Number of protein chains: 2
Amino acid sequence: MNYILKNENAIFYECGYSCDHAIYLKLGSESFFITDGRYEIEAKEYARGVDILIDRDIINVAKNLIRSNNIKNIIFDPHEWSVADFTSISSDIESLFHVGHDFSRKKRIIKNSSEVNKLYQAAKLGANAFDNFTAALQSNGIGLDEFALTYHAKEHLSYRGIYDLSFEPIVAINANAAKPHAMSTYDVLKHNDLLLIDAGLKFERYCSDRTRTIFVNHEMHSGTMQHFNSSRLQKVYDIVRKAHDEAISRLRSGMKSCEVDAIARNIISDAGYGDYFVHSTGHGVGLDIHELPIISSKSDTIIEDGMVFTIEPGIYFLNEFGVRIEDTIAIKDGRAEILGA
Amino acid sequence: MNYILKNENAIFYECGYSCDHAIYLKLGSESFFITDGRYEIEAKEYARGVDILIDRDIINVAKNLIRSNNIKNIIFDPHEWSVADFTSISSDIESLFHVGHDFSRKKRIIKNSSEVNKLYQAAKLGANAFDNFTAALQSNGIGLDEFALTYHAKEHLSYRGIYDLSFEPIVAINANAAKPHAMSTYDVLKHNDLLLIDAGLKFERYCSDRTRTIFVNHEMHSGTMQHFNSSRLQKVYDIVRKAHDEAISRLRSGMKSCEVDAIARNIISDAGYGDYFVHSTGHGVGLDIHELPIISSKSDTIIEDGMVFTIEPGIYFLNEFGVRIEDTIAIKDGRAEILGA
């Protein structure tokens, strides 16, 4: 099977190295890594099992390889290519190119043990950063606004610059936690607030992803057992926690993704809050922060050992508060294991 | 003229608001901003001069508008669209779409006074951050590795989380400053080192960009007058500084971009280091950190009032050291004015 990759993580998965200007080409049994002179030293040191070709015009090099090897068909993912780049590479030879939607992500849906181990390391570092961040807030967090809180979250998540982040963290107080794409505000943290933290880091390029909803007081912590001073909020929180816990404990390999989604969703719906759980239950995590499988009501992907994904039910009341609890889990021996727990 | 935009900065430029899932459509005298429910509140508050349409499937909404308005042709930039998205929007109506390479960037090449003012504010904040960072290094920088130095650079550049960065800063010691895409190492900062800092921040989405090459000692500072303890390094530094200073002082509107490049390049070539100045002299700066005009030996864009771009000559000796001095300038009354100086 011949294929061509342009996405950085898709390429890294094939050969253990990547950079922001590269093409990976698999032609029969031969593999090529094409980049420009800026990345020559690293490519030669780190890329495995590939011929390395250095040129300013990487698209032209790939095109010439496809032509000179007399290739009859080659798979590409239309999400990885801009119209401009695809027009360059395929002009005159467009008929050779065949669409492979999510080609690399489909290959990556089952993680091997080395990958699971990296995801575990990432999750462990991530969980530890949540603990450190919460402890720091306990002593010095009151009075900080969301910009400052996010800054400190990044300080802890990155271990002061050692690790890259999986994504820009969300650190949201009270009603801001109900916004589906919370942007920081000048609202300041007070005792008795609800604080939602959704954050992750990368260990050897593999992502962690975790969310906690925390009651802010002198004993605040980042565990999933939280005690709020509002009975309504506590009720909602406990429903989300039950949805999270049961989806994880009742999940088995062989289920469809939509059945996993249904475990969490039915608990929330049965409690009368179905309309307020506005997103899917989870998403795959690996080199990308969002990859396969998708855990939604529409996905019929069968759960298998080696899959790694989030379980993250939530309930959101606009202008009031939002609750979400998220862990990343790996499927092992047919069951879900929380990474970094 | 009808056109369709998908790039976030291209859309922001048109209507003063954007987000990571939106399409902007200009059909004759009508303008449409299409996004999903997550961004409805902000779009209605901030987007100017547009009809706002909310839907999960923004591509389908745009396509229906193009069809129902009986549009005969529409410009799109093939760099902004993935093959997958373009295939969706253009199926059945592909002949209507016309390629406009750099369509938005060409519109944005001349900045108005409000834009120049924001770029000035960004540059001023950026220059101030360079001063603060250098002062902090003077007291506490010795012994920090490049990861920690980069972390502290980001601390100062972002003003501890208030401003976004224009790009991931480069903070490189000695030989690492000669790498065209310096990645952080565990090398630690010592007295008498050369330290290259290339960094910027965003003020109201407009970018700053600046590079200094600094001699590390008790009186270290981020000015362009640096005194190194190696005569060879000092010679190279002074040539780069002369190239930087003269390109800025001799630049006039009406020149071609390649003539501006030649001012800097000839000074370096005449000194015998032409082979070590491996990149172009500068690039436009605005909403994007890299936009038009390109100041290279191949660009014949005529310089005009309102253009904003960098002047950043450099000389790089692999495995030894690298020197680059960069400022962002605005063209005003036919001459270059350093922003944030």
Side-chain angles (χ1 to χ4, degrees), chain A residues 6-7 19-21 35-42 56 76-90 94 97 99-102 144-155 158-164 167-169 171 179-184 186 278-279 316 318-319, chain B residues 6-7 19-21 35-42 76-90 94 97 99-102 144-155 158-165 167-169 171 179-184 186 278-279 316 318-319:
Chain A
K6 201 161 187 299
N7 175 277
C19 58
D20 67 2
H21 189 229
T35 187
D36 69 60
R38 293 174 297 167
Y39 302 102
E40 181 169 3
I41 297 168
E42 283 88 350
R56 275 189 180 218
F76 79 106
D77 185 337
H79 300 282
E80 291 186 12
W81 290 79
S82 71
V83 172
D85 285 344
F86 187 70
T87 303
S88 294
I89 199 159
S90 69
E94 204 170 342
F97 287 84
V99 168
H101 281 285
D102 289 327
L144 295 180
D145 65 30
E146 287 180 342
F147 289 98
L149 292 169
T150 305
Y151 180 77
H152 289 297
K154 288 158 85 166
E155 207 168 7
S158 75
Y159 287 73
R160 295 182 71 84
I162 296 172
Y163 301 105
D164 288 337
F167 54 92
E168 193 66 13
V171 185
K179 292 181 191 162
H181 72 123
M183 285 163 59
S184 294
Y186 290 108
V278 291
H279 53 72
Y316 310 92
L318 214 63
N319 300 320
Chain B
K6 201 162 186 302
N7 174 277
C19 58
D20 67 3
H21 191 227
T35 187
D36 69 60
R38 294 174 296 168
Y39 302 102
E40 181 169 2
I41 298 168
E42 283 89 349
F76 79 105
D77 185 338
H79 301 283
E80 290 186 13
W81 290 78
S82 72
V83 172
D85 285 345
F86 188 70
T87 303
S88 295
I89 199 158
S90 68
E94 203 170 343
F97 287 84
V99 167
H101 282 284
D102 290 326
L144 296 180
D145 65 28
E146 286 178 344
F147 289 97
L149 291 170
T150 305
Y151 180 78
H152 289 298
K154 288 157 84 165
E155 208 169 6
S158 75
Y159 287 73
R160 295 181 71 85
I162 296 172
Y163 301 105
D164 288 337
L165 303 186
F167 54 92
E168 192 66 13
V171 184
K179 292 182 190 159
H181 72 123
M183 286 163 58
S184 293
Y186 290 108
V278 292
H279 53 72
Y316 309 92
L318 215 62
N319 302 319

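All values below come from the heavy atoms of this structure, side chains included, with hydrogens, waters and symmetry mates left out. The structure presented is a predicted model; accordingly, all values stated were derived computationally and were not measured. To find a chain, count down the sequence lines: A is the first, B the second, and so on, and within it residues start at 1.
Contact annotation for A:E80: neither backbone nor side-chain heavy atoms come within less than 4.5 Å of a heavy atom of chain B. Only the side chain of B:E42 comes within contact range of chain A, judged by heavy atoms closer than 4.5 Å. Looking at B:S158, only its side chain comes within 4.5 Å of chain A, counting heavy atoms on both sides.
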Practice item. Please assess A:V83 against B:F76 for the test side chain to side chain contact (heavy atoms under 4.5 Å, CB included), listing each intermediate value before the final yes or no. Key: CA-CA 10 Å; A:V83 172; B:F76 79 105; 4.1 Å; yes
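Atom CD of B:E155 sits about 6.0 Å away from atom CD of A:E155, to the nearest 0.5 Å. Atom NZ of A:K179 sits about 13.0 Å away from atom OH of B:Y39, to the nearest 0.5 Å.
Atom CD1 of B:I41 sits in a sparse spot, with 12 or fewer heavy atoms from other residues, nucleotides or ligands closer than 6.0 Å.
The side-chain heavy atoms of B:R160 and A:H152, taken from C-beta on, include a pair separated by under 4.5 Å.
A:F147 approaches B:G161 most closely through the heavy-atom pair CD2-O, 4.0 Å.
For the options B:C19, B:S184, B:P78, B:S82, heavy-atom pairs under 4.5 Å to chain A are most numerous at B:P78.
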